[in-house]
Amino acid sequence: MQDRKLLNLSEQLTHRRLQTVAQSWAGYVFPKVRLADIFPINNSGISSAHFTFALKSHFDFTLADGEYYPQFAVEFDGQYHSEELQAARDRTKNELCDHFDFPLLRVNDSFLDSRFGQTDMLSWLTNVWFCAREHECQQQTGGISHEDIFDPRFVISHPGASKEFPLWISRGVQGWLRGLWSKQKIPDFGPCHIVVSDGAGTYRALAWILVNDQGGAVSRAVIQAQRFPYGLREGAEELALYGLRSKVQSILDGTSPVVPRQAIQEEAQRLLGKYKLRFGAYLGELRPEM
């Protein structure tokens, strides 16, 4: 009897999360699909080494639509992916995805953490994918204007959702902060935040809000560069905003000190000076010098 499982514990959890979302959209998740079964490698112009690699290697998971057409792949990058042999294999997969213009999402344990109440970053990004594709389909058929820009936080509902605006994961936090301001417990009626990116496509988000005259709370988030077309910038933004709740609460409880006003402004200015600004919203009074 075989005692080796096809999936380790983290991969099992990844598969369950993907399967839950895919089933709600009438899609499918397939583990261990060979690259050559997805990519049309014959006469494709790839090197013989890449051709052989595609014949022998697989993606951890492949998501398909209801008609079994592959949509994107998910690779779970565990502790061994930093080793040179595995890193070289990862680079080859990346190169093949680039050649065939096939989306690839690389995740690790942090994508599986339930950081937003009932959801997690892997499930969130997967739902964003299906919502974005439906948005594009509606634009093509005339149901939505071509001028309408897709933002996952504007989605009122989607299959499997149990509440309105299911992809706006910081909505409750921002409402809670507004409530603190209305009760005069904090001076800012809303948080400020910026999202920047580097040349490789990694997104960094910084969110802050004043808690008293001396300073406030700061939350940070990073989403590494991905071969994935939807939700990365918005995901980093939502992560940072969502994290403000615990930061503000610990200050109000007296268990954490405030971050000085000058330190907040200097950190924001450092990010703006080093990276490209992708989005900024300044509801509160403490704004970086642009």
Side-chain angles (χ1 to χ4, degrees), residues 110-111 113-121 124 128 149 151-155 163-199 201-224 231-290:
S110 67
F111 281 75
D113 295 338
S114 296
R115 305 179 64 178
F116 317 119
Q118 297 181 347
T119 193
D120 54 90
M121 183 53 65
W124 189 82
V128 167
I149 298 174
D151 188 318
R153 291 158 299 189
F154 295 162
V155 174
K163 60 181 181 179
E164 285 190 335
F165 299 100
L167 300 177
W168 188 3
I169 51 182
S170 71
R171 185 186 183 200
V173 173
Q174 296 195 59
W176 178 73
L177 292 172
R178 185 66 59 88
L180 292 177
W181 170 77
S182 67
K183 296 174 183 176
Q184 299 183 339
K185 292 186 177 182
I186 61 175
D188 271 352
F189 73 92
C192 298
H193 66 277
I194 56 174
V195 184
V196 298
S197 67
D198 60 21
T202 293
Y203 287 93
R204 291 171 171 81
L206 182 73
W208 66 93
I209 189 167
L210 290 180
V211 177
N212 55 40
D213 291 339
Q214 284 70 49
V218 178
S219 177
R220 306 166 184 86
V222 177
I223 292 186
Q224 298 293 334
L232 300 181
R233 192 267 292 171
E234 295 88 349
E237 185 179 339
E238 289 292 282
L239 271 172
L241 289 167
Y242 187 87
L244 278 177
R245 179 162 192 147
S246 61
K247 302 289 187 181
V248 171
Q249 189 64 63
S250 65
I251 293 173
L252 295 178
D253 292 341
T255 57
S256 297
V258 297
V259 180
R261 297 168 65 105
Q262 184 175 352
I264 296 174
Q265 193 165 45
E266 288 176 351
E267 183 172 359
Q269 289 172 343
R270 280 197 301 272
L271 287 175
L272 292 172
K274 187 174 182 179
Y275 303 108
K276 183 176 182 179
L277 178 66
R278 294 297 184 178
F279 187 81
Y282 309 107
L283 300 180
E285 67 172 75
L286 190 59
R287 308 181 181 196
E289 296 178 1
M290 302 296 288

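Sequence positions, counted from 1, serve as the residue numbers for this chain.
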- Report the residues that fulfil side chain to side chain contact (heavy atoms under 4.5 Å, CB included) with Val196, sequence neighbours left out, ordered by chain and then residue number.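 For Val196, the residues satisfying side chain to side chain contact (heavy atoms under 4.5 Å, CB included) (neighbours in sequence not counted) are Arg204, Leu271, Leu272, Tyr275, Leu277.
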- Query: Who passes side chain to side chain contact (heavy atoms under 4.5 Å, CB included) against Asn212, sequence neighbours left out?
  - Reply: Gln214, Val258
Heavy-atom side-chain contact between [X] and [Y] under 4.5 Å:
{"X": "Tyr282", "Y": "Ile194", "result": "yes"}
{"X": "Phe116", "Y": "Met121", "result": "yes"}
{"X": "Trp176", "Y": "Val248", "result": "yes"}
{"X": "Gln174", "Y": "Trp168", "result": "yes"}
{"X": "Pro191", "Y": "Leu283", "result": "yes"}

Rounded to the nearest 0.5 Å, how far apart are [atom1] of [X] and [atom2] of [Y]?
{"X": "Leu239", "Y": "Leu244", "atom1": "CG", "atom2": "CG", "result": "11.5 Å"}
{"X": "Lys274", "Y": "Asp198", "atom1": "NZ", "atom2": "CG", "result": "9.0 Å"}
{"X": "Ser219", "Y": "Lys247", "atom1": "OG", "atom2": "NZ", "result": "6.0 Å"}
{"X": "Asp151", "Y": "Glu237", "atom1": "CG", "atom2": "CD", "result": "7.5 Å"}
{"X": "Glu238", "Y": "Trp124", "atom1": "CD", "atom2": "CH2", "result": "6.5 Å"}
{"X": "Ile209", "Y": "Leu177", "atom1": "CD1", "atom2": "CG", "result": "4.5 Å"}

Minimum heavy-atom distance [X]-[Y], with the two atoms named:
{"X": "Asp120", "Y": "Phe111", "value": "OD1-O, 3.3 Å"}
{"X": "Val155", "Y": "Pro166", "value": "O-CD, 3.5 Å"}
{"X": "Ala236", "Y": "Ile223", "value": "N-CD1, 3.3 Å"}
{"X": "Pro152", "Y": "Val128", "value": "CB-CG2, 3.8 Å"}
{"X": "Trp208", "Y": "His193", "value": "CZ3-CA, 4.1 Å"}
{"X": "Ala240", "Y": "Ala205", "value": "CB-CB, 3.8 Å"}

- Kindly determine whether Leu167 and Arg153 satisfy side-chain contact (heavy atoms from CB on, under 4.5 Å), including the steps that lead there. CA-CA 5 Å; Leu167 300 177; Arg153 291 158 299 189; 5.6 Å; no
Result block: side-chain N/O donor-acceptor pairs under 3.5 angstrom for residues 182-189, not counting sequence neighbours:
residue: Ser182; atom: OG; partner: Gly179; partner atom: O; Å: 2.8
residue: Asp188; atom: OD1; partner: Glu285; partner atom: N; Å: 3.3
residue: Asp188; atom: OD2; partner: Leu210; partner atom: N; Å: 3.1

- Query: Do Thr202 and Val222 pass the side-chain contact (heavy atoms from CB on, under 4.5 Å) test, and can you show the C-alpha distance, the side-chain angles, and the key distance before you say yes or no?
  - Reply: CA-CA 7 Å; Thr202 293; Val222 177; 3.7 Å; yes
